[in-house]
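Just so we're clear, the structure is a prediction, and the values are computed from it rather than from any experiment.
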Amino acid sequence: MSKFDLAKVPLVGPLSRAQVQQVHDAALKVLAETGVFIDSTTALDLLAAHGAAVDPERRIARLPEGLVEKAVRAAPEQFHLHDAEGKPAELVGGDAVHFDPGSCAVRVLDDDGVTARDSMTADLDKVVRLTDALPHLGTQSTAIVCHDAPNEIADTYRLYVILRASKKPIVTGAFSVQGLHDMKEVLAAAAGGERALAEKPRAVFDVCPSPPLKFANLAAHNIIDGARAGLPIEFVSMPMPGAASPATIAGSVVQHTAETLAGVVIAECAQEGAKVVWGGAPVVFDMRHGTTPMSAAEATMIGMASAQMGKYYGLPTHTYAALSDSKLVDAQAGAETALSGLLAAMAGINIISGAGLIDFVNTISLAKLVIDNDICGQIYRVLRGIEVTPETLAVDVIHEAGPGGHFLSLTHTRRWYRREVDLPSAAFDRRDRRGWQEAGGLDTYAQARAIAHDILAKHPGTPPTPGVMAEIDRAMRDVAARHKVDGKLPLGPS
Amino acid sequence: MTDKSALLNQLTKIVIDGLIEEAEGATKEALAQGLEPLAIVENGLVPGIEEAGARFARGDYFLPELVASAEAMQTAMAVLDPLLRAKQEARKTLGHVLLGTVEGDIHTIGKNIVGALLQAAGFVVTDLGPNVAVGTFVAKARELKPDIVGMSALLTTTMVKQQQTIEALSREGLRGGLKVMVGGAPVTEEWARKIGADAFAEDAVAAVAAAKRLVGA
């Protein structure tokens, strides 16, 4: 096990190894002296029993170094997320990189590329089916709020929409304490039982501390309940420099580290060995507009630095990247998505949430999912690196072609060209000018939109077997009945 | 006289420069020198906050400067408000706004910025903070008789509290005597209309414009 291992800290990242150590020391000081606010007597009692100094009236827990160290050592370095068939689909750990659509948006960008309307269940179904078909988005997420789903079961129902149409693993989160239990039931139905689900997790559950240093009742209980149920918990700390965290980048990384360490402590005290992900959703706080750009360079840097801390602790990592604050799918959207996505991937962050989102995290665009899949494909190509072997060095091929020779018809070319050069979709237009004009002279958005429509017309998703679907339907009906939800659900079950 | 105008200028500067720690002392000094509370407000503090607001509108001040100015003014007003009440004097304001984030929601930054901008624009603001129960909004509205109640919600799951608060205000016969403004990331014009709010604003600057419209300023 590689815990507290400076050698594991990637050199692609804003912090030097010495600085990682400094951030660690600072975070420990914050936890030991300032502590965290936790709005849950259960959680406070749990921490007190494990040696935290708890002030029950102020609801503050101060965590000593020994407790933090024990918790970090107890958390697994990596785990697998499984697909609908229970096969390991993604290694969450090491430097493996997986992308998922960001969450959670409240609006959908209409086809005109300008209008953003309230997101509905039918939109989530499209997002799920499109993501299911896009090769470089290996993970689904409950990406949008479905305004037409009953409030009482909104979190579980989003999950249901994924389970009925895709076999990919899932990033999700609950809206209430009971919600986590409901969602677990539906996941268990899909997995073939609670034990099967615990042994072969399909979904991680996002839990967000509220900056600075606060855990709401919902957050605390989701961590404890999720840890005990074997559901991997992904901490998503959101520092806001100058507003809800120190104005300095370093100070914001310290706060992120402290909050996330506190989350790890709660999880491991609840259940030693609980799977956790060191995640985050850093932003900058725009002091002119009071908005929270997630794709500013500094936000990406906080994410990279936070992940360096996570790797130092020997934990799986996550961040928000590969998204954009633009209101349109335009140059800003392309630049921000690619810049942040590539940096996060080169930092070896295991789960990168963001694809498809614009307008901070408010709006999802189907066309952007297509574009982002291409960006992710290019990123994966960079990560794959250059294969250097005698065959690829190709000295004899160069000799065969000779000075002034051709390579086009060589066997070596036929054998290698598809492997060596990634081919993005037509949305990354590489036609010559005339070819592009004859094909309609379309911009990126129009091309991507057409591709999205085409995929959705042809791809029904990957539903589970009828037997498993029946189980999932049964569990969903049970959850609806439990919350006394009557009336039709937008996509069933009836 | 020169002493007194120097003290007033000092208070103006304290507000403009956001010197929060100096506000209380300077206010008490001005009172000790015989300046009237209302004069201190209108000739010392208000010119300061108006200048801060103007600098923000121009893009010379950003939020940190504006919020610091607002806090400096608030600190001074905490000394002066009881005296004004005792004398039954009221400073000229555009109106009184009661702000809060709804129950179950602990997000406050947007609301805080709205509060600072409203103060800079000349409103009196009472901020109830985060996680404010429907009953608390109602009780405070009854007690303080604000012109506007402003509610912030940042989660789609807590937005519904805005609706419940409006309904409670109606039930308690308070709705007619005040205006209601709503905001927060998931809140839309449509939602505001649906729940019977008087105004919706997408950001803090729009909130000030909406508040001015609501009080007929």
Side-chain angles (χ1 to χ4, degrees), chain A residues 37-39 59 103-107 116-119 144-155 158 173-179 208-219 238-247 283 285-292 327 359-363, chain B residues 18 55-68 70 101-118 120 129-131 152-161 163-164 183-194 201-208:
Chain A
F37 171 92
I38 307 178
D39 192 15
R59 314 214 105 197
S103 60
C104 117
V106 292
R107 292 187 273 276
R117 55 167 178 78
D118 281 355
S119 46
I144 61 185
V145 164
C146 304
H147 286 83
D148 56 345
N151 242 353
E152 306 91 320
I153 56 170
D155 44 13
R158 298 187 314 170
F175 292 163
S176 64
V177 176
Q178 178 59 32
C208 306
S210 309
L213 303 170
K214 278 162 64 169
F215 287 80
N217 185 272
L218 164 64
M238 187 170 176
M240 291 162 72
S245 67
V283 300
F285 192 78
D286 188 290
M287 291 302 186
R288 299 158 297 175
H289 310 296
T291 53
T292 52
K327 270 41 79 184
D359 188 10
F360 312 96
V361 283
N362 287 319
T363 303
Chain B
R55 291 186 188 188
F56 180 77
R58 272 202 305 269
D60 289 338
Y61 267 15
F62 290 175
L63 290 167
E65 288 85 5
L66 187 66
V67 171
T101 303
V102 300
E103 188 176 357
D105 199 325
I106 53 180
H107 296 92
T108 54
I109 295 224
K111 168 188 66 63
N112 293 354
I113 292 169
V114 168
L117 264 71
L118 284 172
N131 193 18
S152 173
L154 238 92
L155 306 171
T156 53
T157 44
T158 59
M159 270 164 77
V160 65
K161 295 286 177 187
Q163 184 175 33
Q164 291 173 5
V187 177
T188 57
E189 182 77 57
E190 227 182 289
W191 168 254
R193 254 202 308 272
K194 174 177 169 192
E202 206 156 45
D203 59 39
V205 171
V208 172

Handout entry: Partner chain A: residue of B:Pro186, B:Ala204, B:Pro64, B:Gly110 with the largest heavy-atom pair count (under 4.5 Å)
Key =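 Looking at each option in turn, the highest pair count goes to B:Pro64.
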Practice task
Check each atom of B:Phe56 against the heavy atoms of chain A and say whether the ones under 4.5 Å are side chain, backbone, both or neither.
Solution key: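 B:Phe56 touches chain A through side-chain heavy atoms alone.
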Problem - Part of B:Thr188 lying under 4.5 Å from any heavy atom of chain A - result: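 Just its side chain gets close to chain A.
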Practice task
Sequence neighbours left out, what passes salt bridge (charged side-chain N to carboxylate O under 4.0 Å, His left out) with B:Glu103? Give chain and number order.
Solution key: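 Checked B:Glu103 against salt bridge (charged side-chain N to carboxylate O under 4.0 Å, His left out); matches are B:Lys161.
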Exercise for the section: Would you mind checking which part of A:Phe360 comes under 4.5 Å of any heavy atom in chain B, side chain (CB onward), backbone (N, CA, C, O), both or neither? Expected result: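 Contact with chain B is absent: no heavy atom of A:Phe360 under 4.5 Å.
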Practice task
Check the pair A:Arg59, A:Asp39 against side chain to side chain contact (heavy atoms under 4.5 Å, CB included), reporting the backbone distance first and the verdict last.
Solution key: CA-CA 7 Å; A:Arg59 314 214 105 197; A:Asp39 192 15; 2.7 Å; yes
Handout entry: Partners meeting side-chain contact (heavy atoms from CB on, under 4.5 Å) with A:Ile153 (sequence neighbours left out)
Key =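 Partners of A:Ile153 by the side-chain contact (heavy atoms from CB on, under 4.5 Å) criterion, ordered by chain and then number, come out as A:Pro150, A:Met476, A:Val479, A:Ala480, A:His483, A:Val485, A:Leu489.
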Problem - Donor-acceptor contact present, side-chain B:Asn131 to main-chain B:Gly104, <3.5 Å - result: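 Pair found, side chain donor or acceptor close to backbone of B:Gly104.
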